[in-house]
Amino acid sequence: MVYLLVFASKKSISLRTPICNFDAMNGILCPQCESKLDQGKLTKADVAASIKLVKLSQKIPQIDKFTLNSCRQSNGDYILYLGSQDIMTIRQSRELYRILQGEFDGKIWLVHQDSDDKKLIEDVFFPIKILGINQVWAPGGMQKTKVIVSGRKTPRFPIDVDKVVAIAHDLRKIDLVVEFERK
C-alpha cells in the first residue's frame with residue numbers, strides 16, 4: 001500500500017528569488033540559504049527583497065511571474081536586478097511601481113540582470129533620455145564616465161543625480177560626471 005502525503009499551501013509560487021521560496025514565504029532562512037548569506041553569495045538586501053516580493057505576489061499575480069536575480073543596497077536605496085520583461089511590466093504600470101516602492105524603506109531602482117556598465121547607467125537614469133556616454137581621462141590618469149542627459153537641471157528634475165552617481169560608484173566603481181544638454 002502506498003500513501004501519498006499532500007501538504008496544502010495557500011498558493012504555489014512561481015516567483016524566482018535568490019533564496020528558497022519556502023524561506024521567502026516564512027521569513028526564516030534554511031541552513032543552505034543561511035550558509036550562502038554567511039559566505040557572501042547572498043546579501044541581506046537579497047533576503048529582504050525576496051521576502052517582500054513573495055508577500056506581494058500573494059496579492060498581485062503579475063509579480064508572481066517575476067525573477068529577482070539579486071538586490072543591492074546603496075545609501076538606503078534598493079537596486080533590484082530583474083529580467084527585462086519584469087522591468088517592462090513595472091515601467092508600464094505606475095500603480096505596480098508605487099506598490100513595489102511602498103514595500104521598501106528607500107527608493108527602488110530597476111536594473112536589468114547581467115547589464116553592462118552602459119545599460120546600468122541607462123537603467124538608473126530611466127525615464128530620462130541619455131544622449132551620450134563617454135569615457136574621459138581626468139588629470140592624474142583617472143578614468144571617468146561622462147553622461148550627457150537631455151533637458152536641463154531644474155529643481156523638478158525627476159531623478160536625484162547625486163544618488164545615481166553614488167549607485168554607479170557603489171555597484172561598479174564607475175566615477176560618473178553628469179552633464180545636461182541645456183544649461
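Just so you know, residue 1 is the first one in the sequence shown, and it goes up from there.
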*Is the count of non-hydrogen atoms from other residues, nucleotides or ligands lying under 6.0 Å from K118 atom NZ greater than 12?*
no
*In Å, rounded to the nearest 0.5 Å, how long is the span from CD of Q92 to CD of Q62?*
9.5 Å
*How many angstroms lie between atom OG of S93 and atom CD1 of I99, to the nearest 0.5 angstrom?*
7.0 Å
_Joint cluster assignment, L68 & I19, ILVMFWY side-chain distance < 4.5 Å_ = no
*Can you check whether I148's main-chain N or O pairs, donor with acceptor, with E179's side chain at less than 3.5 Å?*
no
*Do Y81 and L120 have side-chain heavy atoms sitting under 4.5 Å apart?*
yes
*K153 side, atom NZ; F180 side, atom CZ - distance, nearest 0.5 Å*: 5.0 Å
*Compare all side-chain heavy atoms of V136 with those of Q143 and state whether any distance is below 4.5 angstrom.*
no
Per-pair distances, 0.1 Å, donor-acceptor, side chain in residues 106-113, under 3.5 Å, sequence neighbours excluded:
| from | atom 1 | to | atom 2 | distance (Å) |
| --- | --- | --- | --- | --- |
| K107 | NZ | Y97 | OH | 3.0 |
| W109 | NE1 | D77 | OD2 | 3.3 |
| H112 | ND1 | D123 | OD1 | 3.0 |
| H112 | ND1 | D123 | OD2 | 2.9 |

*asked:* I need the minimum non-hydrogen distance between C33 and D23, along with the two atoms involved.
replied: SG-OD2, 3.2 Å
*CD1 of I130 to CD1 of I121: how many Å apart, nearest 0.5 Å?*
6.5 Å
*When clusters are formed by joining ILVMFWY residues with side-chain heavy atoms under 4.5 Å apart, either directly or through shared neighbours, do I128 and F126 land in the same one?*
no
*asked:* Let me check something: do V178 and F157 share a hydrophobic cluster, defined by ILVMFWY side-chain heavy atoms less than 4.5 Å apart, either directly or through other members?
replied: yes
*Would you please test N75 and K163 for side chain to side chain contact (heavy atoms under 4.5 Å, CB included) and show each step?*
CA-CA 8 Å; N75 298 322; K163 283 190 176 189; over 6 Å; no
*asked:* Taking atom NZ as the centre, does K129 end up with more than 12 heavy-atom neighbours from other residues, nucleotides or ligands that are less than 6.0 angstrom away?
replied: no
*Report yes if the side chains of S50 and L15 come closer than 4.5 Å at any heavy-atom pair, otherwise no.*
no
Exercise answer: donor-acceptor pairs, residues 37-48 side-chain atoms, under 3.5 Å, sequence neighbours excluded:
| from | atom 1 | to | atom 2 | distance (Å) |
| --- | --- | --- | --- | --- |
| Q39 | OE1 | K41 | NZ | 3.2 |
| Q39 | NE2 | S35 | OG | 3.1 |
| T43 | OG1 | A45 | N | 3.4 |
| T43 | OG1 | D46 | N | 3.0 |
| T43 | OG1 | D46 | OD2 | 3.3 |
| T43 | OG1 | C71 | O | 3.2 |
| D46 | OD1 | C71 | N | 2.6 |
| D46 | OD1 | R72 | NH1 | 3.4 |
| D46 | OD2 | T43 | N | 2.9 |
| D46 | OD2 | R72 | NH1 | 3.4 |

*Got I63 and L96 here, is their nearest side-chain heavy-atom distance under 4.5 Å?*
yes
_Side chains of T67 and L82, heavy atoms from C-beta outward: is any pair under 4.5 Å?_
no
*Which residues pass the ring pair (Phe, Tyr, Trp, His ring centres under 6.0 Å) test with F104, sequence neighbours left out?*
Y78
_With a 4.5 Å cut-off on side-chain heavy atoms, are V177 and V147 touching?_
no
*Count the heavy atoms belonging to other residues, nucleotides or ligands that lie under 6.0 Å from CD of Q32, then report whether that count exceeds 12.*
no
*Kindly indicate whether the side chain of K55, heavy atoms from C-beta on, has any atom under 4.5 Å from the side chain of E103.*
yes
*Consider only side-chain heavy atoms of I, L, V, M, F, W and Y, link residues closer than 4.5 Å, and tell whether F66 and M25 are in one cluster.*
yes
*Co-membership, hydrophobic cluster, residues L176 and I167, 4.5 Å side-chain*: yes
*Working to the nearest 0.5 Å, report the span between CD1 of I79 and OG of S74.*
5.0 Å
*Report yes if the side chains of I90 and L100 come closer than 4.5 Å at any heavy-atom pair, otherwise no.*
yes
_Nearest-0.5 Å distance, NZ of residue K65 to CD1 of residue I60_ = 12.0 Å
*Is any NZ, NE, NH1 or NH2 atom of the basic residue among D117 and R172 found under 4.0 Å from an Asp or Glu carboxylate oxygen of the other?*
yes
*Does any N or O in the side chain of N26 come within less than 3.5 Å of the main-chain N or O of I28, such that one atom is a donor and the other an acceptor?*
no
*Shortest non-hydrogen contact from N69 to G83?*
ND2-N, 4.1 Å
*Looking only at non-hydrogen atoms, find the nearest pair between M142 and D175 and report the distance.*
CE-OD2, 4.2 Å
